[in-house]
Amino acid sequence: MLVINLKSYIETIGKGGSELLEAAEKVAEEYGINIVIAPQFTDIYLLAKNAKKVKIFAQHIDPIEPGAYTGYILPEAVKEAGAVGTLINHSEKPMKIIDIEKAINIARRLGLITIVCANDEIVGAAVAKLNPDYVAVEPPELIGTGISVSTAKPEIVINSVKMIKEVNPNVKVLVGAGISNREDVKKALEYGAEGVLLASAVTKAKNFYEKIKELAEGFIR
Ligand code: G3P
């Protein structure tokens, strides 16, 4: 699975996000790989309406029940907008462990797929116990650097897969941070990850289609 997090990048809000979706749809069709896009909340509805093969996720949900919570992200609302899953505990939107657990449980009740992020393999193994669908390990110091975790720190990928699977073999393992090209994806999969989570390599690309296609090629054995 190739997860593209659009974060708060200006290039991929509104029209840019729609162009990125169009490129991702083309690649998903051509290569038959699972692609997820996590846009700004305000773009979930539009992208989900136009998505075919590509899945639209939220970047975060708050562990709240419907009611008087101004400014919070209600899980039911992202689902209603068309999201089929959500990131939880991204290092740029960290949560307390108790809230991670609540968010996973609410998402499960609503049928939203969960990707819980972790800064390292130890935290990855800890959150795997909470039974999310995926754990994504991303060393924060490599995020946005273009230096890939799978190339610069392969031991993080290897240890994450080992430790997370030991704790909970049902959890699928993703890795991210700095993943930029075909080789980075290939290595992540070689070391046992089941997919990658990335952002800037795509959001900052001159040509979304060419970049997503290159990354998709990393999945071809
Ligand atoms: O969520 C993806 C992420 O934090 C990695 O960002 O820009 O290094 O691919 P980037």
Side-chain angles (χ1 to χ4, degrees), residues 1-13 16-17 20-21 23-24 27 33-41 43-44 47 54-61 73 78 83 85-95 100 103 113-121 123-124 127 132-154 156-157 160 164 172-189 191 193-208 210-219:
M1 180 157 84
L2 172 63
V3 184
I4 307 169
N5 176 7
L6 307 190
K7 301 195 174 184
S8 300
Y9 286 117
I10 195 82
E11 293 86 347
T12 49
I13 56 168
L20 194 148
L21 172 64
V27 175
I33 65 161
N34 262 338
I35 302 182
V36 167
I37 296 178
Q40 281 282 300
F41 298 107
D43 287 327
I44 288 177
L47 295 197
V54 172
K55 294 186 173 72
I56 305 302
F57 274 36
Q59 295 180 9
H60 165 80
I61 51 171
I73 303 295
V78 303
T86 185
L87 301 180
I88 290 173
N89 192 46
H90 192 281
S91 63
E92 292 152 9
K93 189 69 179 165
M95 296 167 81
I100 297 172
I113 302 162
T114 46
I115 301 177
V116 177
C117 301
N119 290 356
D120 57 32
E121 56 271 48
V123 177
V127 293
D133 297 295
Y134 294 84
V135 169
V137 178
E138 301 197 306
E141 67 279 10
L142 294 180
I143 291 179
T145 61
I147 301 167
S148 160
V149 59
S150 53
T151 305
K153 297 197 171 170
I156 293 191
V157 184
S160 297
I164 291 168
K172 298 190 191 73
V173 181
L174 307 178
V175 291
I179 294 195
S180 307
N181 57 43
R182 187 186 296 110
E183 272 312 295
D184 297 336
V185 174
K186 225 182 184 136
K187 282 188 188 142
L189 302 181
Y191 297 134
E194 288 153 291
V196 293
L197 173 57
L198 60 94
S200 48
V202 172
T203 59
K204 301 282 180 190
K206 284 202 181 70
N207 184 318
F208 294 145
E210 289 302 331
K211 183 45 82 177
I212 299 171
K213 181 163 88 91
E214 180 193 340
L215 294 162
E217 283 165 4
F219 284 85

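Both counts, for ligands and for their atoms, begin at 1 and track the order of listing. If you read the sequence from its start, that first residue is 1, and numbering goes on from there. Please read these numbers as outputs of a predicted model, since none were measured by experiment.
- Glu11 pairs by the side chain to side chain donor-acceptor pair (under 3.5 Å) definition with Lys204, not counting sequence neighbours.
- The side-chain contact (heavy atoms from CB on, under 4.5 Å) test with Val137 is passed by exactly one of Ile156, Leu197, Val123: Ile156.
- In this structure, the separation between NE2 on His90 and CD on Gln59 is 8.0 Å, given to the nearest 0.5 Å.
- Distance alone, capped at 3.5 Å, is enough to place a donor-acceptor pair between the Ser148 side chain and the Ser150 backbone.
- Residues that satisfy the side-chain contact (heavy atoms from CB on, under 4.5 Å) test with Ala193, not counting sequence neighbours, are Val157, Val175, Ala188.
- For Ala24, the side-chain contact (heavy atoms from CB on, under 4.5 Å) partners are Ile35, Ile37, Val54, Ile212, not counting sequence neighbours.
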Please give the N or O to N or O pairs under 3.5 Å between ligand 1 and the protein, distances rounded to 0.1 Å.
from	atom 1	to	atom 2	distance (Å)
ligand 1	1 (O)	Asn5	ND2	3.0
ligand 1	1 (O)	His90	NE2	2.8
ligand 1	1 (O)	Glu138	OE2	3.4
ligand 1	4 (O)	Lys7	NZ	2.9
ligand 1	4 (O)	His90	NE2	2.9
ligand 1	4 (O)	Glu138	OE1	3.0
ligand 1	4 (O)	Glu138	OE2	3.4
ligand 1	6 (O)	Lys7	NZ	3.3
ligand 1	7 (O)	Ser200	N	2.9
ligand 1	7 (O)	Ser200	OG	2.5
ligand 1	8 (O)	Gly144	N	2.6
ligand 1	8 (O)	Gly178	N	2.8
ligand 1	9 (O)	Ala199	N	2.8

